[in-house]
> 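One structure coming up, written as structure tokens, with questions to follow.
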Amino acid sequence: MKHTDIVEILKSKDLFLGQNITLCGWARTVRSSKGICFIELNDGSSFQGIQLVVDEANCPDYALAQKQGVGAALKATGTVVSSYNNKEVREINVATLEVLGEAPSDYPLQKKRHTLEFLRTIAHLRARTNTFNAMFRIRSTLSAAIHHFFAGRGFVYVHTPILTGSDCEGAGEMFRVTTLDPAMPKRPEISDADFYKDDFFGCKAGLTVSGQLEGETLAMALGKIYTFGPTFRAENSNTARHAAEFWQIEPEIAFAELEDLIELAEAMIKSLISEVLEKCPEEMAFFDKHYENGLVQKLKSIVQQNFVILEYTEAVRILKESKVQFEYPVEWGCDLQTEHERYITEKVYNKPVFVINYPAELKSFYMKQNPDGKTVAATDLLLPGVGEIIGGSQREDNLEKLERRMKELDMKQEDYWWYLDLRRFGTAPHSGFGLGLERLLLYITGIGNIRDVAIFPRTKGNLQF
RNA sequence: UCCAGAAUAGCUCAAUGGUAGAGCAAUCGGCUGUUAACCGAUGGGUUGUAGGUUCGAGCCCUACUUCUGGAGCCA
């Protein structure tokens, strides 16, 4: 259909003024008086819509226009004019109006604020609201910004497999993938190997919980790589920041130690936020106004300040000396609880904090063992309000140390033979991290629940749409 | 999975154990420039489900379901 995107008219000040054009879009609100009718039209090309003015004197379709409600799909032809009230604003004097698709009175969206909980029950329609229009626009801009950032630094974008036989130990529960008959379940006396030999892959298979191990193989050839794709975790977690399917960015860099990784992570967060602020000012203004007052200022200040780098041991000391009565007591060797992380990020620093060098017992087998014999070169980036957004580490590149650690954890080395080969042949220091796209989106938009930053969120017990 | 809370009209919410209401939406009408337009009228309910206590339950009790907030796990 030949038509002009609304964004083109909004962007160009005078280019379309006085011209006859055709617009297509959906009615957001319809206001009619005697003889004149106003329709706010949005076509998705921008956050903002444009007002159609249907005057009974100039438009034969006035009666039709008056009958339309929120949600109707319309095609209008008319002249671009300056608004009656504000010469800077553009509106359309409609000559002809065609109804492409009516929205009957049981259309669930109304021209009023709906709760996010209600919108989740109509996830197929919620993209037509301001919140989701703005969120999806920012999500798209953010995704493009990720590629811009890494491409600008010479990273190679790689696609690690989604179907996998390797369980990235410690990353979470794996969804099983099988073509075996569910009516013939595995009997306890049969071994995994025997049972799965008749399965599609001839072995136990699942959806990836992380592309890290596969990513490492490419980092050890191409130097700097990143993955950006879906990740699946069958964790029984029911929170505002966990989803069973989410998108993850996982850079992996050869010849990089923990401090190089932290430098990269900080530069990346700042670059991504900057690009969103620059390219989505209307959307960000909307979230600032309706979801988190001061949001834009908060993000601007994040970009300008240095993030904190804090030793785990030092974090424990600060918490112990804080004299705050925590629900979980703080001891060296215990994992930092949410209340501890919040105290550090929100009370002590009020800015992003990299916590580094955690006790080895708390972290995964592949992390670089520090000379102190107690800690590993790992880091979590904690953000005020949303908590952990990045988890990463320098990888153990010493074959003996890695094998010893796997033995301690009772892991089968033969399952990881190719991963260990990376340490056997031309091993080198390397590091990487994982960033949750949806969690960053929560931080940037001020939206409080991960279910509201994905098109159709997958969480425990919910696979609707 | 654990702890706490909630579920009433299409939506957002009221209702002391005693006749279930309002705003918005919808429908009809009015109004020549509206901005979540405005004004008037009308229709709209098995109070999440199943049981129980009571003369009487939206309200009290039990179980279940769903959702929300927090926790654990993590990105």
Side-chain angles (χ1 to χ4, degrees), chain A residues 28-40 48-58 62 66-67 69-71 81 83-86 89 91 93 103-122 129-130 168 170-173 209-212 228-250 265 290 326-328 335-342 362-364 380-383 386-392 433-443 448-451 453 459-462 464:
Chain A
R28 281 293 181 79
T29 110
V30 179
R31 296 176 289 268
S32 67
S33 292
K34 190 178 184 184
I36 193 162
C37 173
F38 304 95
I39 300 174
E40 190 72 29
Q48 227 190 315
I50 200 163
Q51 178 164 272
L52 305 179
V53 183
V54 186
D55 192 327
E56 191 171 19
N58 312 328
Y62 169 75
Q66 237 189 346
K67 279 195 340 212
V70 178
V81 297
S83 165
Y84 190 86
N85 296 321
N86 182 346
V89 174
E91 59 185 28
N93 275 343
S105 60
D106 56 347
Y107 182 62
L109 289 171
Q110 298 168 14
K111 48 184 168 187
K112 67 162 206 167
R113 196 186 153 274
H114 280 109
T115 59
L116 292 172
E117 288 82 8
F118 170 68
L119 292 174
R120 271 174 225 153
T121 68
I122 48 164
T129 63
N130 283 333
C168 190
E173 279 299 307
V209 293
S210 166
Q212 181 201 320
F228 180 23
T231 301
F232 307 88
R233 305 230 174 130
E235 292 291 333
N236 184 14
S237 47
N238 210 313
T239 78
R241 53 185 197 286
H242 285 86
E245 175 179 322
F246 62 98
W247 280 62
Q248 200 171 205
I249 298 102
E250 295 182 288
H290 296 285
F326 292 112
E327 194 186 334
Y328 293 85
D335 214 347
L336 299 181
Q337 304 294 318
T338 297
E339 57 174 347
H340 304 143
E341 296 182 350
R342 289 182 72 112
L362 301 178
K363 294 294 184 181
S364 299
D380 286 352
L381 176 60
L382 311 178
L383 295 187
V386 296
E388 180 178 348
I389 197 168
I390 282 178
F433 64 75
L435 166 73
L437 177 75
E438 285 83 0
R439 287 195 181 170
L440 182 57
L441 212 43
L442 290 177
Y443 186 69
N449 196 310
I450 200 162
R451 294 172 181 84
V453 291
T459 52
K460 180 93 199 291
N462 184 13
Q464 257 209 336

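Each chain gets a letter, A, B and so on, in the order the sequences are listed, and its residues count up from 1. Values below: all heavy atoms of this structure, side chains included; hydrogens, waters and symmetry mates excluded. Fair warning: this is a prediction, and the values are worked out from it, not measured in the lab.
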> Check nucleotides 40-46 of chain B against the protein and report each pair of N or O atoms closer than 3.5 Å, with its distance, or say if there are none.
none

> Starting the side chain at C-beta, find the nucleotide from B/G33, B/U27, B/U68 nearest to A/Ser105.
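The answer is B/U27, which lies nearest to the side chain.
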> Regarding A/Ser210 and A/Gln248, do their side chains bring together a donor and an acceptor under 3.5 Å, going by distance alone?
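No donor-acceptor contact under 3.5 Å links the two side chains.
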> Between B/G21 and B/A9, how far apart are the two P atoms, rounded to whole Å?
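It comes out at 14 Å once rounded to the nearest Å.
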> Given the P atoms of B/C24 and B/C38, what is the spacing between them in whole Å?
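Looking at atom P only, B/C24 and B/C38 are 7 Å apart.
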> Write down the atom of A/Glu339, the atom of A/Tyr328, and the distance for their closest heavy-atom approach.
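So the minimum-distance heavy-atom pair works out to OE2-N, 2.7 Å.
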> side-chain hydrogen bond (donor to acceptor under 3.5 Å, both in side chains) with A/Gln66: which residues, sequence neighbours excluded?
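A/Gln66: side-chain hydrogen bond (donor to acceptor under 3.5 Å, both in side chains) contacts with A/Tyr62.
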> When the C1' atoms of B/A6 and B/U34 are considered, how many whole Å apart are they?
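Looking at atom C1' only, B/A6 and B/U34 are 39 Å apart.
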> With respect to the phosphate group of B/G72, does any side-chain polar atom (N or O) of A/Thr338 fall under 4.0 Å of OP1 or OP2?
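Checking B/G72 against A/Thr338, a side-chain N or O does come within under 4.0 Å of OP1 or OP2.
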> Look at the side chain of A/Glu56 against the base of B/U32 and say whether a donor-acceptor pair falls under 3.5 Å; ignore hydrogens and angles.
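Checked by distance alone, the answer is no.
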> Got a second to check how far A/Glu388's CD is from A/Arg439's CZ, nearest 0.5 Å?
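Here the interatomic distance stands at 6.5 Å.
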> Do side-chain atoms of A/Ser33 reach the backbone of A/Ile36 as a donor and acceptor pair under 3.5 angstrom?
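Looks like no, no N/O pair under 3.5 Å.
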> When we call it a touch if two heavy atoms are under 4.0 Å apart, what does A/Ile36 touch: a base, just sugar-phosphate, or nothing?
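Result for A/Ile36 = base.
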> Considering non-hydrogen atoms only, spot the tightest contact between A/Glu173 and A/Glu235 and give its length.
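Looking at all heavy atoms of both residues, the shortest contact is N-OE2, 2.8 Å.
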> Strictly by salt bridge (Lys or Arg N to Asp or Glu O under 4.0 Å), give each pair with a member in residues 105-115 of chain A just once, sequence neighbours left out.
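Applying salt bridge (Lys or Arg N to Asp or Glu O under 4.0 Å) to every pair that reaches into residues 105-115 of chain A, excluding sequence neighbours, yields nothing.
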> Of the nucleotides B/A75, B/G69, B/G33, which one has an atom closest to the side chain of A/Asn449?
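Out of B/A75, B/G69, B/G33, the nucleotide with an atom closest to A/Asn449's side chain is B/G69.
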> Looking at every non-hydrogen atom in both residues, tell me the closest pair between A/Ala240 and A/Gly448 and how far apart they are.
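Closest heavy-atom pair between A/Ala240 and A/Gly448: CB-O, 3.4 Å.
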> With RNA chain B as reference, determine whether A/Gln248 or A/Glu91 sits nearer its 5' end, using the nearest nucleotide of each.
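On the 5' side of the pair lies A/Glu91.
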> Say we look at B/U47 and B/U8: how far apart would their C1' atoms be, to the nearest angstrom?
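Pairwise C1' distance, B/U47 against B/U8, rounds to 4 Å.
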> By the 4.0 Å heavy-atom rule, please label A/Tyr328 as base, sugar-phosphate, or nothing.
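The residue A/Tyr328 makes sugar-phosphate contact but no base contact.
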> At their closest point, which heavy atom of A/Val209 faces which heavy atom of A/Arg233, and how far apart are they?
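In this case the closest contact between A/Val209 and A/Arg233 is O-NH2, 2.7 Å.
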> Indicate, with a heavy-atom threshold strictly under 4.0 Å, whether A/Ile249 touches base, sugar-phosphate, or nothing.
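Answer is nothing: A/Ile249 stays at 4.0 Å or more from every strand.
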> Given the P atoms of B/G33 and B/A20, what is the spacing between them in whole Å?
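Rounded to whole Å, the distance is 43 Å.
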> Please check this pair: side chain of A/Thr239 against backbone of A/His242, looking for a donor-acceptor N/O pair closer than 3.5 Å.
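Indeed, once roles are kept as given, a pair shorter than 3.5 Å links the two residues.
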> Using a cut-off of less than 4.0 Å, is there contact between a side-chain N or O of A/Lys111 and OP1 or OP2 of B/A36?
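Result: no.
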> For atom C1', what is the distance between B/A57 and B/U46, given to the nearest Å?
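Going atom to atom, C1' in each nucleotide, I get 14 Å.
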> Just jot down the side-chain hydrogen bond (donor to acceptor under 3.5 Å, both in side chains) partners of A/Asn238, sequence neighbours excluded, or say none.
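Result, side-chain hydrogen bond (donor to acceptor under 3.5 Å, both in side chains) vs A/Asn238: A/Arg451.
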> According to the 5.5 Å centroid and 30° plane-angle thresholds, does A/Phe246 stack upon the nucleobase of B/A75?
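So yes, this residue stacks on that base, both cut-offs being met.
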> Taking the nucleotide of RNA chain B with the nearest heavy atom to each, does A/Asn85 or A/Gly391 sit closer to the 5' end?
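The 5'-side residue here is A/Asn85.
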> Out of B/G33, B/C31, B/A71, which nucleotide sits closest to the side chain of A/Gln66?
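Comparing B/G33, B/C31, B/A71 against the side chain of A/Gln66, the answer is B/C31.
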> Check every atom of B/A75, B/A71, B/C31 against the side chain of A/Arg241 and return the nucleotide holding the closest atom.
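For the A/Arg241 side chain, the nearest candidate turns out to be B/A71.
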> Round to the nearest Å and state the distance from A/Ile450 atom CD1 to B/C73 atom C1'.
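One finds 14 Å between C1' of B/C73 and CD1 of A/Ile450, rounded.
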> Taking the six-membered ring for Trp, are A/Phe326 and A/His340 ring centroids under 6.0 Å apart?
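Close enough - the centres of the two rings lie under 6.0 Å apart.
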> Toss me the dot-bracket line for RNA chain B: Watson-Crick and G-U wobble, both under 3.5 Å, 5' to 3', using | for pairs to another strand and [ ] for crossers.
(((((((..((((....[..)))).(((((.......))))).....(((((..]....))))))))))))....
> For a quick check, with a 4.0 angstrom heavy-atom cut-off, what is the B/S/- contact string for nucleotides 1-14 of chain B, read 5' to 3'?
B--------BBS--
